[in-house]
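Chain letters run A, B, ... following the sequence lines, proteins first, then strands; residues in each count from 1. On a predicted model such as this, the values are computed, not experimentally measured, just so you know.
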Amino acid sequence: MHVFKYFQDIVTKEIEAMGAAGELPGGLDLGRVTVEPPRDAAHGDLSTNAALVLAKPAGRKPRDLAEALAARLSQVPDVTEVTVAGPGFINLRLDEDLWRRCLADVLRAGPDYGASTLGAGRKVNVEYVSTNPTGPLTVGHARGAVVGDALASLLAKVGFEVTREYYINDAGAQVDTLARSTHLRYREALGETIGGIPEGYYPGAYLKDVGRALAERDGDKWLGRPEPEWLGEVRRFAIDAMMDLIRQGLADIGIRQDVFSSERALVESGGVEAVLETLEARDLVYTGVLEPPKGQTPEDWEARPQTLFRATRFGDDVDRPLKKSDGSWTYLAPDMAYHLDKFRRGAEIMIDVWGADHGGYVKRMTAAVEALTEGKAEFKVLFCQLVKLMRHGEPVKMSKRAGTFVTLKEVVDEVGKDVLRFIMLTRKNDAPLDFDLEGVLEKSRDNPVFYVQYAHARARSVLRHAAAELPDLPRDPTALAGAPLDLLTDSDELALMKRMAEWPRLVESAAEAYEPHRIAFFLYDFAATFHGLWTRGKDETALRFLLPDEPERTAARLALVQAVAFTVASGLQIFGVEPVEEMR
RNA sequence: GACCCCGUAGCUCAGCUGGAUAGAGCAGCGGACUUCUAAUCCGCAGGUCGCAGGUUCGAAUCCUGCCGGGGUCGCCA
């Protein structure tokens with residue numbers, strides 16, 4: 001049961017009834033009416049701004065309107081008290097038993113608690129990672145990977161049909177560089193002395209393995225031959241090797257994407273030409289000359305006619321080139337074809353997770369998607385700011401050139417995938433993140449991963465103790481749902497139940513805002529509520545969960561504890577983090 | 001020159017799409033360990049929400065203009 005949505009419906013119905021009774025004009029816009037938990041619990045369990053929002057259009061004083069609506073709401077089942085406060089808020093207090101029924105719902109739902117049908121099966125495509133296949137994943141890539149993955153799970157949880165996708169940029173100049181660098185390592189593997197790695201090549205040692213593997217497969221077949229003869233095959237070989245490396249890196253942090261789309265395949269199948277034709281037919285492409293770029297003008301800049309997409313018609317600042325001076329496609333052209341492809345595969349909502357350095361690209365892509373789908377698809381970009389890796393309070397030096405950059409694997413080996421994933425989600429994605437290699441392993445309250453996991457472990461510990469020491473009590477969650485929950489009467493027990501009842505609402509709002517980090521903050525707060533109740537049991541033995549002399553009350557408390565474990569597990573599931581049974 | 005992020009307690013950050021007296025953790029101060037693991041909990045203290053206007057019954061939140069930090073701006077992806 002989603003308490004807040006349930007009462008939102010009731011408030012809406014009562015307002016409509018007032019309209020029907022002639023107390024209010026009909027057809028009022030109820031879009032701004034909210035029903036939510038008040039910030040201050042002393043105000044009650046629920047608060048609605050309906051009277052404040054509707055007073056003006058209804059031509060009535062907020063307080064009067066509030067009184068009228070309050071009178072109706074006081075007749076609603078489970079509403080025990082209605083007060084009008086401040087400028088015209090209506091505060092409701094609900095029957096305690098309602099929260100106990102919510103608790104029973106949690107037990108029946110299990111770790112799926114919070115799932116909903118909000119998305120109504122709409123198709124969402126979440127594209128994330130999508131790094132160039134030129135090297136292993138770094139910690140920086142991991143943030144986008146984790147954010148994209150958690151967002152996908154979050155959307156799936158609220159009823160969207162989600163595709164997790166990776167776009168392989170295997171058609172640009174960078175993969176040619178990769179091929180050349182690999183060829184160099186291949187020659188090295190066959191005994192040549194290559195000396196230093198020339199400027200403009202990838203220096204990473206990981207390419208030695210690829211060169212060696214190529215030598216093993218093909219022998220000296222590509223030796224002493226002109227580049228055009230080997231470039232294509234070496235490139236294919238190297239890209240495959242890099243994608244294996246990347247897929248392994250993703251697997252290391254528990255990510256498996258559904259679709260890997262190749263830019264090269266798109267280009268070679270004529271997908272880009274097809275898009276161009278479509279655009280031309282609609283007069284969205286023309287040949288023109290652009291102004292020089294503002295700011296730092298490239299030295300080799302010269303005005304020349306080029307193939308342009310009329311992005312300005314869709315809100316962009318300038319029209320955007322689709323072809324480079326050498327006649328090949330710009331990045332935009334195949335990317336347009338790619339997004340059209342996603343749309344044709346059924347995506348009604350497309351979400352791209354990008355690094356923050358791509359900020360300048362969002363307007364043209366938004367324009368492109370609008371043009372290509374004729375406004376039928378929603379397009380959203382999530383930016384991930386940099387991750388600053390810290391050790392002993394000092395930033396870890398990251399330089400590819402100096403060979404000191406830290407691979408994702410190294411960090412996962414050090415802290416584990418669950419810690420990495422959770423920490424990556426403890427900030428808004430568009431805020432920078434400090435990742436403290438020691439801090440994330442600290443066993444204290446200021447480490448959110450530990451604190452949340454500890455709450456789960458504590459709950460599980462109680463259940464284990466119960467099973468061992470009080471074997472006659474029910475253990476099955478469904479049976480626990482039938483325990484005499486009316487014996488849960490302490491204010492902190494009720495507070496915990498209320499907090500738990502907010503979970504479905506929190507999940508939906510996080511999904512609607514595309515903000516998975518909200519889950520992390522909820523879990524942290526929720527864990528604090530649970531730890532607090534736990535500790536009260538130390539001083540007041542009557543508040544302990546396990547009371548051998550009171551089997552009925554103990555059963556009710558086990559129901560509460562089990563529900564806590566389910567709620568935490570439900571949140572961690574969205575994050576792809578395994579809830580732990582005990583802390584070590 | 002333009003566009004995109006960010007600016008909230010000494011520090012690191014939340015703030016539920018405009019609600020009531022702006023909240024957590026850390027650091028500081030004071031308390032609770034014969035327990036269902038004190039790896040935790042309770043209390044105190046700490047604020048001109050960058051600045052100035054505007055919209056509104058009501059603004060940290062929306063709009064405008066400044067200030068400060070970061071990013072980007074044809075042939076990189």
Side-chain angles (χ1 to χ4, degrees), chain A residues 32 34 36-40 43 47 49 52-53 55-56 61-62 85-89 91 130-132 134 169 171-175 263 290-298 300-304 306 308 316-318 320-321 323-328 330-332 335 355-363 383 385-386 426-428 430-432 434 436 439 442-448 450-451 454-455 457-459 461-466 469 502 505-506 509-510 512-513 515 517-518 520-522 524-525 528 531-539 541 544-547 557 561 582-583:
Chain A
R32 289 176 58 217
T34 59
E36 49 190 23
R39 195 191 306 263
D40 186 346
H43 290 140
S47 176
N49 62 355
L52 290 163
V53 171
K56 184 171 273 188
K61 286 186 188 164
F89 288 102
N91 294 322
S130 300
T131 69
N132 298 321
T134 57
N169 296 137
Q174 302 194 353
V175 285
E263 179 186 0
L290 286 178
E291 298 282 303
K294 303 287 185 185
Q296 266 194 334
T297 306
D300 59 346
W301 191 87
E302 53 179 325
R304 64 177 181 85
Q306 42 188 356
L308 299 171
D316 202 355
D317 305 319
V318 288
R320 301 294 179 176
K323 279 187 179 175
K324 303 180 196 169
S325 54
D326 65 359
S328 63
T330 60
Y331 187 75
L332 177 63
D335 210 10
D357 55 340
H358 289 54
Y361 192 69
V362 66
K363 272 194 181 178
F383 291 109
Q385 279 286 354
L386 295 178
T426 53
R427 289 281 176 277
K428 282 186 293 233
D430 52 8
D434 287 355
D436 181 342
E442 209 169 278
K443 292 172 175 171
S444 72
R445 180 166 186 166
D446 62 329
N447 177 5
F450 165 78
Y451 193 68
Y454 188 33
R458 271 188 153 170
S461 164
V462 172
L463 296 167
R464 280 194 302 272
H465 273 276
E469 294 155 26
E502 284 177 34
R505 177 175 181 272
L506 189 281
S509 69
E512 283 177 324
E515 291 186 351
H517 76 275
R518 291 190 197 181
F521 286 93
F522 176 90
Y524 186 80
D525 278 353
H531 286 310
L533 179 60
W534 170 293
T535 310
R536 269 189 68 202
K538 278 191 315 100
D539 296 334
T541 48
R544 293 188 182 179
F545 299 125
L546 303 183
L547 303 170
R557 288 185 178 168
V561 170
E582 54 186 330
M583 306 305 292

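- Atom P of nucleotide B:G71 and atom OH of A:Tyr361 are separated by 22 Å, given to the nearest angstrom.
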Please enumerate all protein N or O atoms sitting under 3.5 Å from an N or O of nucleotides 5-10 of chain B, with distances to 0.1 Å.
unit_1 : atom_1 : unit_2   : atom_2 : d
B:C5   : O2'    : A:Asp430 : O      : 3.2

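- A:Arg458 meets the salt bridge (Lys or Arg N to Asp or Glu O under 4.0 Å) test with no other residue; sequence neighbours excluded.
- Counting non-hydrogen atoms under 4.0 angstrom, A:Ser47 reaches a base of the nucleic acid.
- At a threshold of 4.0 angstrom between heavy atoms, the contacts of A:Pro87 include nucleobase atoms, whether or not backbone atoms are also involved.
- Rounded to whole Å, the C1' atom of B:A2 lies 47 Å from the corresponding atom of B:A45.
- Base orientation of B:U72: anti, the glycosidic angle falling outside 90° of 0.
- Side-chain atoms of A:Asp446 never come within 3.5 Å of backbone atoms of A:Gly439 as a donor-acceptor pair (strictly under, hydrogens ignored).
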Protein within reach of the bases, or only the backbone? For nucleotides 21-34 of chain B, mark each nucleotide 5' to 3' as B, S or -, using heavy atoms under 4.0 Å. ---SSS-----S--

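- A:Arg304 contributes no side-chain N or O that forms a donor-acceptor pair with the base of B:C75 under 3.5 Å.
- The ring pair (Phe, Tyr, Trp, His ring centres under 6.0 Å) search around A:Tyr524 returns A:Tyr451, not counting sequence neighbours.
- Within 4.0 Å (heavy atoms only), A:Lys443 reaches at least one base atom of the nucleic acid.
- For the side chain to side chain contact (heavy atoms under 4.5 Å, CB included) test, residues two or more places apart in sequence or in another chain that qualify with A:Asn169 are A:Asn132, A:Tyr167, A:Glu263, A:Tyr331.
- With sequence neighbours excluded, the residues that form a ring pair (Phe, Tyr, Trp, His ring centres under 6.0 Å) with A:Phe450 are A:Tyr454.
- Every residue two or more places apart in sequence or in another chain was checked for a side-chain hydrogen bond (donor to acceptor under 3.5 Å, both in side chains) with A:Asp436, and none qualifies.
- For A:Arg505, the side chain to side chain contact (heavy atoms under 4.5 Å, CB included) partners are A:His2, A:Phe4, A:Glu36, A:Pro37, not counting sequence neighbours.
- OP1 or OP2 of B:C75 has not a single side-chain nitrogen or oxygen of A:Thr330 nearer than 4.0 Å.
- The side chain to side chain contact (heavy atoms under 4.5 Å, CB included) check on A:Thr330 picks up A:Pro321, A:Lys324, A:Leu332, A:Ala333, with sequence neighbours excluded.
- Residues meeting the side chain to side chain contact (heavy atoms under 4.5 Å, CB included) test with A:Ser461, sequence neighbours left out: A:Arg464, A:His465.
- At the heavy-atom level, A:Gly86 lies nowhere under 4.0 Å from the strands shown.
- A:Phe522 meets the ring pair (Phe, Tyr, Trp, His ring centres under 6.0 Å) test with A:Trp503, A:Phe526; sequence neighbours excluded.
- With the 3.5 Å cutoff on both pairing distances, Watson-Crick and G-U pairs in RNA chain B assemble into runs of at least 3 at B:1-7 with B:67-73, B:10-13 with B:23-26, B:28-32 with B:40-44, B:50-54 with B:62-66.
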